[in-house]
Amino acid sequence: FSPSVLGTREHWDAAYERELQTFQDIGDTGEIWFGEESMVRIIRWLEKHKVPLDSSVLDIGTGNGVLLVELAKSGYMNLTGIDYSPSAIQLSEKIREKEGMSNIKLKVEDFLAPSAELSGFDICIDKGTFDAISLDPSDAAGKRQLYVATLGRVLKPEGFFLITSCNWTKEELLNEFREGFEILEELPTPKFCFGGRIGNSVTALVFQRK
């Protein structure tokens, strides 16, 4: 991928500062990455596989935290969201308060340099964070490797990793996460048709840590 400002912390700090101001002004929670259906897809998978409601869930790069709010509304109780942007965490805290979801834990944390207490999760979820890391102008390949290594530390053995990406195909993600993870399922995503060929603009996969 070509390096992009979308891979920089400065971009996301500025973006979430704007969204924080907009929320304070008019109560708009901001953009939902990959749309509402991406959250529904994740929650349906958890429910279909009867993942216990007290399972520990980590949302990597939580942004505005809306996914965690929806998980809490579905009955999940042990929810943590991290983001390296302080403005994102401020925004998600305000949305959490507005929704009355006091049990959601939120922390300013860089997934590529995690604190020692970030460990032991049953489920990790990523909607777009691995994509953003892949666009980092500074050693994106090294940071992708660091991401996979961190994921192996914070996710319990046999824990589930649900990733949604618009930059990577299924085959590419299988290659990226081949060390320590195995594919369980590809989740259905919207299809498009161009030039007589059918494809997916978004890839959603479920991995299990070996």
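Since we're looking at a predicted model, the values are computed, not measured.
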Taking the inter-plane angle between the rings of [X] and [Y] on a 0 to 90° scale, is it parallel (under 30°), tilted (30 to 60°) or perpendicular (over 60°)?
| X | Y | value |
| --- | --- | --- |
| Phe161 | Phe177 | tilted |
| Trp168 | Phe130 | tilted |
| Trp45 | Phe160 | perpendicular |

Measure from the side-chain N and O atoms of [X] to the backbone N and O of [Y], and report whether any donor-acceptor pair falls under 3.5 Å.
| X | Y | value |
| --- | --- | --- |
| Asp83 | Ala88 | no |
| Lys143 | Ser138 | yes |
| Arg209 | Gly159 | no |
| Arg96 | Ile104 | yes |
| Thr129 | Ile60 | yes |
| Gln145 | Gly142 | no |
| Thr189 | Thr203 | no |
| Glu182 | Gln208 | no |
| Ser55 | Pro52 | yes |
| Asp59 | Gly61 | no |

Give a yes or no on whether a salt bridge exists between Glu37 and Arg44, defined as a side-chain N under 4.0 angstrom from a carboxylate O.
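Looking at Arg44 together with Glu37, the answer is no, because their closest N to O distance does not fall below 4.0 Å.
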Between Lys170 and Glu186 (salt bridge meaning N to carboxylate O under 4.0 Å), is one present in this structure?
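Judged by the 4.0 Å cut-off on N to carboxylate O distance, Lys170 and Glu186 do form a salt bridge.
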Does Lys50 have more than 12 heavy atoms from other residues, nucleotides or ligands lying within 6.0 Å of its NZ?
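Check fails, neighbour count at 12 or below.
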Pair Lys98, Glu93 - check salt bridge (charged side-chain N to carboxylate O under 4.0 Å, His left out), show working.
CA-CA 9 Å; Lys98 178 187 175 187; Glu93 285 173 343; over 6 Å; no
Which heavy-atom pair separates [X] from [Y] by the least distance, and what is that distance?
| X | Y | answer |
| --- | --- | --- |
| Ser56 | Gly120 | OG-O, 3.3 Å |
| Glu185 | Ile183 | O-CD1, 3.6 Å |
| Met77 | Asn103 | O-ND2, 3.4 Å |
| Val154 | Cys124 | CG2-SG, 3.9 Å |

What I want to check is whether the side chains of Asp131 and Ser165 have a donor and an acceptor closer together than 3.5 Å.
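Looking only at side-chain atoms, Ser165 and Asp131 do form a donor-acceptor pair, the distance falling under 3.5 Å.
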Going by atom types only, do Asp54 and Tyr76 share a side-chain donor-acceptor pair under 3.5 Å?
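Side chains of Asp54 and Tyr76: no pair found under 3.5 Å.
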